[in-house]
Amino acid sequence: MRTSVVALSLLGAAATGVAAQKALPTAAAVTNNPSCLVAEAVLPENAWQKNGFPNGGNIKGKVVAKSGDGGVGVQFNVEVSGLPEGGPFTYHIHAKPVPENGNCTATGAHFDPTERGEDPACDKSKPETCQIGDLAGKHGAIPADNTTFSASYVDKYASLVEGSDAYFLDRSIVFHFPNKTRITCANFKITEQACSGSTTGVAAPTGSTTGGAASPSGTLPVGAGASLSASSMTGVAAALLGGAMMLML
């Protein structure tokens, strides 16, 4: 009886270890963004959520997106003013565009091509494990009680290459209250396109993943970390089970 309890305990510990070691999906850095494109999302005159603007109006400003140096990632320039009371405020790229009626709730969830999900929260020290659309999570939310905010940063995992998994110019940006209520939203629109021809299928460097999001040398493809970890721990579980069976004999 004692050996049976020991065997079950070993199996339970092994299974817990497998779950604990399961890694989040990893986004690959994009290295082939075209330098000829500039896009921006300009916030509308009136907020979708009126609670912060009882007399009308909205946050004013825009989010500009262009290629990072050498085609690596996307440089985002965020400039907003007229923020309501409260905060901190978050903002994200959402999966769907804003419809003509301006309904921010119709933009869907965060842009998340790796299907990571919102939980656990983004760890900004490991941005490759965050949702691609979680700009505030990776680069910082708008601090509380600020009436203006500006930021400029490069997100290595966003793409300007149409057809790639991380392409976002056909999607939207959404600003949120701390309770996740959507304040306002806007679609990205290309404002400058000096490229000769379409950017669809821009040649990707050697080692890129399907759709043009390049995987740097030594980086596992999306989900590979999870598979490897689970496989290794499964082997440990099998070895422990074998040992437990011998104890029972």
Side-chain angles (χ1 to χ4, degrees), residues 15-31 33 41 63 65 68-69 72-78 80 83 86-95 107-146 149-160 164-168 171-183 185 207-209 211 213-234 236:
T16 301
V18 170
Q21 291 295 320
K22 185 177 180 180
L24 291 168
T26 303
V30 178
T31 61
N33 279 320
V63 178
D69 290 344
V72 178
V74 172
Q75 179 179 324
F76 288 95
N77 297 321
V78 183
V80 293
L83 291 159
F89 304 103
T90 58
Y91 61 100
H92 318 91
I93 299 172
H94 278 233
T107 60
H110 298 169
F111 179 42
D112 185 21
T114 64
E115 299 182 351
R116 173 213 193 273
E118 292 189 32
D119 295 317
C122 169
D123 179 353
K124 64 171 59 179
S125 70
K126 299 177 182 178
E128 70 280 4
T129 66
C130 300
Q131 294 176 308
I132 289 177
D134 189 1
L135 299 182
K138 289 181 282 186
H139 306 286
I142 300 172
D145 300 321
N146 276 26
F149 174 77
S150 64
S152 181
Y153 50 81
V154 173
D155 190 296
K156 295 181 179 179
Y157 311 100
S159 176
L160 301 175
S164 65
D165 290 343
Y167 180 75
F168 66 93
R171 306 179 193 279
S172 57
I173 193 84
V174 179
F175 287 77
H176 300 259
F177 281 113
N179 65 1
K180 297 186 178 182
T181 299
R182 304 176 188 203
I183 308 171
C185 54
S208 67
T209 58
S215 176
S217 177
T219 300
L220 293 172
V222 173
S227 299
L228 179 59
S229 177
S231 175
S232 299
M233 292 305 298
T234 300
V236 172

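One-based numbering along the sequence shown.
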Can you tell me if [X] uses its side chain to pair, donor with acceptor, with the backbone of [Y] under 3.5 Å?
| X | Y | answer |
| --- | --- | --- |
| Asp155 | Pro127 | no |
| Arg171 | His94 | no |
| Lys138 | Ile132 | yes |
| Asn33 | Gly73 | yes |
| His92 | Gly133 | no |

Beyond-backbone contact of [X] with [Y], side-chain heavy atoms, under 4.5 angstrom:
| X | Y | result |
| --- | --- | --- |
| Gln131 | Cys122 | no |
| Pro113 | Tyr167 | no |
| Leu160 | Val74 | yes |
| Val80 | Phe89 | no |
| Leu24 | Pro120 | yes |
| Asp134 | Arg116 | no |
| Val154 | Gln75 | yes |
| Ile93 | Leu135 | yes |

Closest contact, heavy atoms only, [X] versus [Y]:
| X | Y | answer |
| --- | --- | --- |
| Ser164 | Ser159 | OG-OG, 2.8 Å |
| Ala144 | Gly87 | CB-C, 3.7 Å |
| Val63 | Phe175 | CG2-CZ, 4.2 Å |
| Cys185 | Val174 | CB-CG2, 3.8 Å |
| Phe149 | Ala141 | CE1-O, 4.2 Å |

Q: Would you please test His139 and Val78 for side chain to side chain contact (heavy atoms under 4.5 Å, CB included) and show each step?
A: CA-CA 11 Å; His139 306 286; Val78 183; over 6 Å; no
Q.
Which label fits Phe76 and Tyr153: parallel for a plane angle under 30°, tilted from 30 to 60°, or perpendicular past 60°?
A.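 Taking Tyr153 first and then Phe76, their aromatic rings sit tilted (interplane angle of 30° to 60°).
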